[in-house]
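Only one structure is covered here, and it is reproduced in the block below.
Below, chains carry the letters A, B, ... as their sequence lines are ordered, and counting in each starts from 1. None of the values given here were measured: they were computed from a predicted structure.
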Amino acid sequence: MTNEEVAAALHEIGDMLDILGEDRFRVVSYHRAARAIEGLTTDVADLASEGRLGDIPGVGSAIADKITEFVTTGRIAYHEELKARIPAGVLELLQVRGIGPKKVQVLWQQLGITDLATLEQAAKHRRLRRIKGFGEKTEANLLKAIGTYRQGQSRALLWDAARVVDALRAHLEAHAPVARLEAAGSFRRMRETVGDVDILVTTPDVRSVMRAFTSFRDVKQVYSEGEIKSSVLVDYAGYDGARHLLQVDLEILDADSWGAGLQYFTGSKDHNVHLRSMAVDQGLKLNEYGVFRGEHTLAGASEEDVYRALGLPWIPPELREDRGEIEAAQRGELPDLVKPSDIRGDFHVHTNATDGTEPLEAMVGAARALGYEYVGISDHSPSAVVAFGLTSEQALAQRDRIRELNRDLKGFTVLVGTECDILEGGAMDYPDEVLKEFDYALASIHSKFTVPRKEMTARVVAAVENPYVNVLAHPMARLIGSRDPIEIDFDAVFAACARTGTAVEVNAGPTRMDLTGPQARAAKAAGCVLTVDTDAHGGPELGAMRFGVGSARRGWLTAADLVNAWPLERVKPFFR
DNA sequence: GCCGTTTTCGGCCCGACTGTTTTCAGTCG
């Protein structure tokens, strides 16, 4: 039973209670518990068997009992009862934008609509407008929304979201007087994927900003357009080359409530709920316009002011998930998070010797241009056939070429690395006598992704125990949107890494983002050091470092925790 | 349904926007 399956069941219970018109706080409780479980780095099944479900914030005795029932029997009787009351297709109606629990209820009870296809037919045949609360416009909007839903809108890669933000920023600044502009939401918190983008603006000319926003060339649909808030659907070309859709909201803020608005729209929801309840406890009120005591405004212009008014230091956006950051802030124990400028190099870089697109010299030049002190070249090993992995001889020849190149470089060092496959039984793809010829070796999984959890754990632990393996690269081995993470016991893997002095990688490749922030935090807690690498296959991809640093910050990591924030003279002995 | 160095009961965020409506309910974030 995976955490995702448990979370999905709880979300579904919440949705069904919502449709049935249950108390909204009960509904919220199920969703909040589900979100908390999605954010866990330990198996909820393990917590259940240890009787520690109550440790999860938002999980009380009722939900804990249901989780225990689920992981032991594979079902939740209460969930089954609800499913028996609500036709299967009704739940899906909730996914359509513009349809909430009340409309679902009306459609189902009054028109007997229990699935998407029937709803579409009813809208097409103008049968919805007969119901109170529905009209011509609602029918048209629903047809559009059903179409959008069918296109399957998934979360955007952080890399792609950044490009959309950049394009919109350039467009808005070119067409309207923009004083300040910041993308908030999960983008600012640097989540690995982004559900929608919230752009905040201050401007002396609200109308022209709004007009520029809704007339951006890639806007496919305008959901709403108000005086201070608009919402659109943007079409973009993704990293994968396909077209995707992303919702973008624009909010106009006043300069004197900029900080409160930025805080509010950055979230997360759970962080904000926690802050608001703190405010209430202090006799204060916190909303998107400021911190207030009665009619008196205490803060609003800057985020620092808002947090200070609540008795807290400013909390970096990447930490705002209500996972202990508020308590840490109260104790004055927020970590001094790693910054992009702390990064001195990148250990995971490919060239056209294997599946990269640019030659060694170009990748080295691109790394130098970023102001790094060193870069490690880590092309593939022979078993990575699709990636044109290097034979031992080819790898040694590349090593000699790099040694040669280093002679001409001043104030910059190229390290000879490899990304060596972990084979099925846990053996490395190069023999030890070849591995020891590299300055360092990354170990990673590129095949046999579906072996059972126990075997997979033993396989990776064996690799980590190889004395020539220095970094466990992209530990989940997932590709966002196309390949699920491997099943593995990360507690055991991190313990092995800590024991053997093997660094754990936070891979910033746009489709990898592996580890996630919370996993990186768990690795550190297990005693590991980490690296943030881009896995770049071309020069521009070296720029993904900022997203990897974002994940590291989400993992509460400091510069001291990251090998590639260390000076070279400290890196070298670590790798040997 | 969750939560509690003020509470084991009574709180739990609320404002913008839309569409249908003659004053407001539903959805969304």
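As a whole-Å value, the separation of A:Gln282 CD from B:dT6 P is 12 Å. Atom CG in A:Leu275 sits roughly 17 Å away from atom P in B:dC12 (whole-Å rounding). Rounded to an integer number of Å, the gap from A:Asn272 CG to B:dC13 P is 11 Å.
Among pairs with a residue in residues 89-98 of chain A, those fulfilling side chain to side chain donor-acceptor pair (under 3.5 Å) read A:Glu92-A:Tyr149, A:Arg97-A:Gln247, at least two apart in sequence or across chains. Residue pairs satisfying the side chain to side chain donor-acceptor pair (under 3.5 Å) criterion with at least one member in residues 322-338 of chain A, sequence neighbours excluded, are listed as follows: A:His271-A:Glu325, A:His274-A:Asp322, A:Arg331-A:Glu333.
When heavy atoms are screened at a 4.0 angstrom cut-off, A:Ser277 is found touching no nucleic acid atom at all.
Within residues 33-55 of chain A, no residue has any heavy atom under 4.0 Å from DNA chain B. Shown for residues 18-27 of chain A: residues whose heavy atoms fall under 4.0 angstrom of DNA chain B, namely A:Asp23, A:Phe25, A:Arg26. For DNA chain B, the residues of residues 66-90 of chain A within the heavy-atom distance limit of 4.0 Å (strictly under) are A:Lys66, sorted by number.
For the side chain to side chain donor-acceptor pair (under 3.5 Å) test, no residue two or more places apart in sequence or in another chain qualifies with A:Arg169. Scored by the side chain to side chain donor-acceptor pair (under 3.5 Å) test, A:Arg453 finds A:Asp43 as partners (sequence neighbours excluded). Residues meeting the salt bridge (Lys or Arg N to Asp or Glu O under 4.0 Å) test with A:Glu318, sequence neighbours left out: A:Arg553. Not counting sequence neighbours, the partners of A:Glu120 by the side chain to side chain donor-acceptor pair (under 3.5 Å) test are A:Arg150.
At B:dT18, none of the side-chain N or O atoms of A:Asn141 fall inside 4.0 Å of OP1 or OP2 (strictly under the cut-off). Within the 4.0 Å cut-off from OP1 or OP2 of B:dC12, not a single side-chain nitrogen or oxygen of A:Ser29 is found.
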Please encode protein proximity along nucleotides 24-29 of chain B as a string of B, S and -, counting only heavy-atom distances under 4.0 Å. --SSSB
Listed pairs under 3.5 Å, donor-acceptor, residues 81-90 of chain A side chains, sequence neighbours left out:
none

With a 3.5 Å cut-off and sequence neighbours excluded, list the donor-acceptor pairs that the side chains of residues 283-297 of chain A form with protein atoms.
from	atom 1	to	atom 2	distance (Å)
A:Asn287	OD1	A:Tyr289	N	2.8
A:Asn287	OD1	A:Gly290	N	3.2

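For A:Arg52 and A:Asp55, the salt-bridge test passes: some basic side-chain N is under 4.0 Å from an acidic carboxylate O. Residues A:Arg127 and A:Glu139 are not paired through a salt bridge, judged by the lack of any N-O separation under 4.0 Å between the basic side chain and the carboxylate.
Base pairing annotation: B:dC14 forms a Watson-Crick or G-U wobble pair with B:dG29, both donor-acceptor distances under 3.5 Å.
The listed nucleotides are B:dC2, B:dG15, B:dC13; the one nearest the side chain of A:Arg32 is B:dC2.
Mapping A:Tyr223 and A:Arg276 onto DNA chain B by nearest heavy atom places A:Arg276 at the nucleotide closer to the 5' end.
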